[in-house]
**Q** 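Following this message is one structure expressed as structure tokens.
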Amino acid sequence: MAFTAQDVKALREKTGVGMMECKKALVESDGDMEKAIDFLRERGLAAAAKKATRIAAEGVVLPYYDSAAKKGVVVEVNSETDFVAKNEKFMNFVEGVAKTILATDPADVEALCAEKFDGTDETVTDVLNQLVLSIGENMKIRRFERMDGIVSTYIHGGGAVGVMIGFDVADEAVADSEAFVAMGKNVAMQIAAMNPSYLDQASVPADVVEHEKGILAAQMKEDPKMASKPEAVLVKIAEGKMSKYYKENCLVEQEFVRGDLFQGSVKGYIDSVAKELGTTIKANGFIRMMKGDGLEKREENFAEEIAKQING
């Protein structure tokens with residue numbers, strides 16, 4: 001019995017299971033809708049779909065770097081509770097997802113889920129559904145970002161924040177040195193702690209610069225001491241005040257937080273390490289990902305939850 005794309009869509013709506021799994025079920029059942037549902041139920045995927053309606057805003061962010069291939073990725077995988085983030089099976093899955101991304105170069109999460117999971121003949125969706133059934137919580141691969149070249153990584157709070165920063169290095173041999181590795185980690189920690197919006201001044205969009213200048217100009221007009229000054233003077237002062245904005249929002253302009261190691265800007269710190277190593281080093285971009293950022297989080301009073309269970 002043949003089936004159409006509409007049949008696949010209908011099966012997905014009935015079961016909540018992914019498109020690829022629904023298509024496979026219809027193939028296995030010769031297009032019979034009821035048999036396809038049974039097929040999914042038998043494999044436990046329908047049960048996994050029920051769990052998929054539950055909020056998953058915990059989990060981990062993992063930066064993963066393959067130094068041999070010079071390829072890196074930061075991936076976020078969510079679960080319902082933070083306890084799961086300490087589960088070895090879960091963490092192995094997250095690392096496997098990262099390796100799959102680097103090996104297959106998927107366009108997005110949907111494409112990733114259809115790829116063969118690292119070291120297996122099963123799709124990422126198959127492995128994820130098996131993990132959901134094994135652990136008993138909803139889990140979702142939320143997002144990922146890639147970065148190639150020489151990079152450094154940092155994980156904060158057991159996966160609460162993941163950072164990856166890239167460097168252009170004139171002498172790439174120094175990338176394995178103790179001084180470079182320490183520098184990279186320190187700059188990545190700076191990104192985790194200070195959450196810069198941009199890499200440098202050149203990275204700040206022109207409309208953002210104009211917007212900030214407009215706000216500064218308006219603030220100065222409200223100041224009685226500034227009110228009488230000509231517009232051209234106010235613009236000049238506003239441009240001067242923009243340096244503070246850059247120092248707060250641009251990574252290389254920020255004050256380096258490890259004052260015990262270096263007094264000055266992040267760029268100054270990177271340059272000092274480059275000089276020590278006899279080369280030039282320049283930060284070329286970064287990724288900062290925070291677990292559950294922007295997701296609805298389940299608010300629970302665990303004492304009340306336990307009381308409910310005890311009282312039936």
Side-chain angles (χ1 to χ4, degrees), residues 61 63 65 72 74 145-157 160-172 174-175 177 179-221 223 226 232-290 293-294:
V61 172
Y65 181 57
V74 183
E145 290 185 49
R146 286 165 293 206
M147 180 176 282
D148 295 343
I150 295 174
V151 308
S152 297
T153 64
Y154 174 67
I155 305 174
H156 179 74
V161 177
V163 174
M164 184 170 284
I165 175 166
F167 296 99
D168 291 326
V169 187
D171 179 6
E172 294 190 358
V174 307
S177 69
F180 182 90
V181 171
M183 180 277 294
K185 182 180 179 182
N186 286 330
V187 177
M189 288 175 68
Q190 170 96 18
I191 296 166
M194 302 306 293
N195 192 17
S197 301
Y198 309 100
L199 174 67
D200 52 23
Q201 289 189 34
S203 304
V204 184
D207 60 332
V208 173
V209 174
E210 291 306 310
H211 177 73
E212 291 299 321
K213 285 182 178 178
I215 290 174
L216 289 170
Q219 289 174 346
M220 288 186 290
K221 284 181 179 179
D223 186 341
M226 298 285 188
V233 173
L234 291 176
V235 170
K236 198 82 171 176
I237 295 172
E239 288 176 351
K241 286 180 176 289
M242 277 300 294
S243 62
K244 181 181 178 183
Y245 175 83
Y246 292 132
K247 285 181 179 179
E248 291 176 350
N249 294 278
C250 297
L251 171 64
V252 299
E253 299 282 343
Q254 287 182 339
E255 190 76 13
F256 184 52
V257 293
R258 288 290 305 274
D260 58 316
L261 295 178
F262 180 83
Q263 297 284 332
S265 68
V266 171
K267 182 180 184 303
Y269 169 62
I270 295 172
D271 288 346
S272 70
V273 175
K275 185 177 181 180
E276 176 190 334
L277 293 171
T279 187
T280 58
I281 303 171
K282 181 182 178 183
N284 60 28
F286 67 87
I287 300 165
R288 182 186 187 276
M289 200 175 285
M290 186 168 70
D293 187 25

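All values below were derived from every heavy atom in this structure, side-chain atoms included, with hydrogens, water molecules and symmetry-related copies excluded.
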**Q** Check whether any side-chain heavy atom of Tyr246 lies under 4.5 Å from a side-chain heavy atom of Val209, and answer yes or no.
**A** yes
**Q** Could I get the full list of side-chain hydrogen bond (donor to acceptor under 3.5 Å, both in side chains) partners for Asn249, not counting sequence neighbours?
**A**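 For Asn249, no residue satisfies side-chain hydrogen bond (donor to acceptor under 3.5 Å, both in side chains) once neighbours in sequence are set aside.
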**Q** For Ile281 versus Phe167, what's the shortest heavy-atom pair and its separation?
**A**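 In terms of heavy atoms, the two residues are closest at CG2-CD2, 3.7 Å.
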**Q** Can you tell me if Gln254 uses its side chain to pair, donor with acceptor, with the backbone of Lys247 under 3.5 Å?
**A**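 Side chain of Gln254 to backbone of Lys247: no pair is present.
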**Q** Would you give the length of the straight line joining atom OH of Tyr245 to atom OG of Ser197, rounded to the nearest 0.5 angstrom?
**A**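 Tyr245 OH to Ser197 OG: 5.5 Å, rounded to 0.5 Å.
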**Q** Could you go through Glu210 and Asp207, starting from their C-alpha distance and side-chain angles, then the distance that decides it, and tell me whether this counts as side-chain contact (heavy atoms from CB on, under 4.5 Å)?
**A** CA-CA 5 Å; Glu210 291 306 310; Asp207 60 332; 5.7 Å; no
**Q** Heavy atoms, side chains only, cut-off 4.5 Å: are Phe180 and Ser152 in contact?
**A**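 Of all side-chain heavy-atom pairs linking Ser152 with Phe180, at least one is under 4.5 Å.
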**Q** For Ala179 versus Val273, what's the shortest heavy-atom pair and its separation?
**A** O-CG1, 4.0 Å
**Q** Which residue pairs pass the ring pair (Phe, Tyr, Trp, His ring centres under 6.0 Å) test when at least one of the two sits in residues 190-211, sequence neighbours left out?
**A**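 Every pair satisfying ring pair (Phe, Tyr, Trp, His ring centres under 6.0 Å) with a residue in residues 190-211: there are none.
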**Q** Is a side-chain N or O of Glu212 found less than 3.5 angstrom from the main chain of Val208, in a donor-acceptor match?
**A** no
**Q** Can you tell me how the ring of Phe262 sits relative to the ring of Tyr269, calling it parallel under 30°, perpendicular over 60° and tilted otherwise?
**A** tilted
**Q** Could you measure the distance from the CE atom of Met183 to the CG atom of Leu261? Nearest 0.5 Å is fine.
**A** 12.5 Å
**Q** Taking the side chain from Thr279 and the backbone from Asp171, do they hold a donor-acceptor pair closer than 3.5 Å?
**A** yes
**Q** Quick one: CD on Glu253 to CD on Glu248, what's the gap to the nearest 0.5 Å?
**A** 12.0 Å
**Q** Measuring only between side-chain heavy atoms, which start at C-beta, is Ser265 closer than 4.5 Å to Val252?
**A** no
**Q** Which atom names give the shortest non-hydrogen contact between Pro63 and Gly162, and what distance separates them?
**A**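 Scanning both residues, the minimum pair turns out to be CG-CA, 4.0 Å.
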**Q** Any side-chain to backbone donor/acceptor pair from Gln190 onto Glu255? Under 3.5 Å, distance only.
**A** yes
**Q** Of Leu251, Ile150, Val151, which meets side-chain contact (heavy atoms from CB on, under 4.5 Å) against Ile165?
**A**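 Passing option: Leu251.
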**Q** Checking His156 against Val163 for the side-chain contact (heavy atoms from CB on, under 4.5 Å) test, could you report, in this order, the C-alpha distance in whole Å, the side-chain angles of both residues, the deciding distance, and whether it holds?
**A** CA-CA 8 Å; His156 179 74; Val163 174; over 6 Å; no
**Q** Would you name the heavy atoms of Cys250 and Val204 that are closest together and state the gap between them?
**A** SG-CG2, 3.7 Å
**Q** Can you measure from CD1 (Ile155) to CE (Met289) and round to the nearest 0.5 angstrom?
**A**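 It is 12.5 Å, given to the nearest 0.5 Å.
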**Q** Within the distance-only criterion (no hydrogens, no angle test), does the side chain of Arg288 pair as donor or acceptor with the backbone N or O of Ala192 below 3.5 angstrom?
**A** yes
**Q** Any salt bridge between Asp271 and Lys275, counting N to O under 4.0 Å?
**A** no
**Q** Working to the nearest 0.5 angstrom, can you tell me the gap between Asn284 CG and Asp168 CG?
**A** 4.0 Å
**Q** Roughly how far, to the nearest 0.5 Å, is CD1 of Ile270 from CG of Asn186?
**A** 10.5 Å
